[in-house]
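Inspection log for the structure reproduced underneath, given as structure tokens.
When a residue number appears, it is its place in the shown sequence, counting from 1. Start at 1 and go down the list; that is how both ligands and their atoms are numbered. Please read all numbers here as calculations on a predicted model, not as lab measurements.
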Amino acid sequence: MTKKLLRALAGEAVWPPPVWLMRQAGRYLPEYRQVRAEAGSFIDLCTRPDLATEVTLQPLRRYGFDAAILFSDILMLPWALGQGLRFAEGEGPQLPPIRDAAGLAALDPARLPEAITPIIETVRRLAAQMGDTTLIGFAGSPFTVSCYMVEGRGSKEYEHVRMMAWREPELYGRIIDLVTEQTIVYLSAQIDAGAEAVMLFDSWSGVLAPSLFRAYVIEPTRRITAAIRARYPHVPVIGFPRLAGTMLGEYAAVTGVQGVGMDTSADPKRAAALVPEKVALQGNVDPLALVAGGAALEREADELLAAMRGRPFIFNLGHGIVPQTSPDHVAALVARVRAA
Ligand SMILES: Cc1c2[nH]c(c1CCC(=O)O)Cc1[nH]c(c(CCC(=O)O)c1C)Cc1[nH]c(c(CCC(=O)O)c1C)Cc1[nH]c(c(C)c1CCC(=O)O)C2
């Protein structure tokens with residue numbers, strides 16, 4: 001096993017650390033915008049293996065990242081279960097919200113294997129051309145996916161989701177269980193097609209009270225990680241519980257993940273004290289520091305590198321690249337990491 005990213009996830013303090021960036025394929029790249037325009041809708045882009053393969057590879061050609069992340073979206077899981085999904089221009093994703101047992105009953109897990117076929121085909125094509133790069137498959141965490149399924153759209157507070165969790169724990173628990181089981185099916189299919197590591201994006205875990213965080217973030221993540229470990233002992237899981245704050249330590253210890261993503265707000269040294277030594281940390285430069293570039297970015301990158309030296313670490317951002325990022329700033333950042 002020589003790939004740098006997999007060595008870091010196996011607990012090795014690889015130096016210079018492997019580097020990739022969340023949302024490394026996307027609108028900041030002119031070549032992405034061109035393919036995106038050709039595809040028509042975003043869902044078409046995710047379900048056309050030729051185009052999804054191409055946009056996954058675009059940032060690798062420019063920057064030679066240590067990881068490629070499958071080009072898809074966390075909302076392709078509810079889409080595959082038959083919940084309507086639309087990406088309205090400038091408004092973000094929209095789904096018919098699930099607020100009761102009838103809404104839940106309308107989801108159809110039997111559709112999923114067929115629906116995800118084009119996404120799995122993309123994984124297969126990518127796996128055939130990875131070289132020294134590690135192919136990361138992914139899903140949203142059950143909690144974050146449920147946020148969109150119940151709320152019906154992005155939100156700051158996810159009040160419908162939290163109210164359902166408090167008032168109707170039986171119904172909400174069934175939603176989480178269904179998404180957890182289907183996420184295991186979905187990630188297993190990605191691994192069977194050649195994904196070498198998998199990541200769970202938990203963008204909204206920070207809105208939860210600790211008791212709900214334990215029940216709906218830690219427990220489903222533990223179940224998914226245990227299922228992947230049992231079936232695929234060599235495939236590491238990276239969890240990204242965004243804005244988990246002081247819950248990060250309990251998350252790392254109880255879920256059993258091999259890597260933990262630090263969000264922009266995390267102090268790397270504090271995170272290192274909270275997380276078991278063998279668990280790789282990943283992160284966490286502010287995406288807006290990457291937009292700014294120059295001396296501020298260099299200072300930030302150098303400080304992060306100094307804090308992480310000597311422990312397993314994967315250099316990344318604290319959240320996804322934003323569209324206004326200059327591709328030249330990305331090149332400068334990668335060069336800085338490689339020179340560490
Ligand atoms: C919450 C969430 C979503 N999707 C995702 C998350 C979790 C991570 C995070 O918090 O950012 C995860 C995601 N989305 C996308 C990827 C691809 C892989 C990568 O390069 O990281 C991944 C891993 C592509 C995408 N997913 C989306 C785009 C932009 C669509 C476009 O090109 O028009 C991309 C490149 C659309 C999307 N998808 C989602 C939203 C809220 C939006 C709209 C916002 C926006 O337009 O930027 C849901």
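Aromatic ring centres of Phe213 and Phe143: separated by at least 6.0 Å. Aromatic ring centres of Phe240 and Phe138: separated by at least 6.0 Å.
Residues Leu81 and Arg111 fail the side-chain proximity criterion, which asks for heavy atoms closer than 4.5 Å.
At a threshold of 4.0 Å, the pair Arg61-Glu31 does not count as salt-bridged, since none of the basic side-chain nitrogens sits closer than that to a carboxylate oxygen. Taking 4.0 Å as the cut-off between side-chain N and carboxylate O, Arg124 and Glu121 count as a salt-bridged pair.
Enumerated by chain and number, the residues approaching ligand 1 to less than 4.0 Å through a heavy atom are Met22, Arg23, Gln24, Ala25, Arg27, Tyr32, Arg36, Phe42, Ile69, Leu70, Phe71, Ser72, Asp73, Ile74, Phe87, Pro93, Phe138, Tyr148, Phe201, Ser203, His319.
Side-chain contact of Arg231 with Ser188: a donor-acceptor pair under 3.5 Å is present, judged by distance alone.
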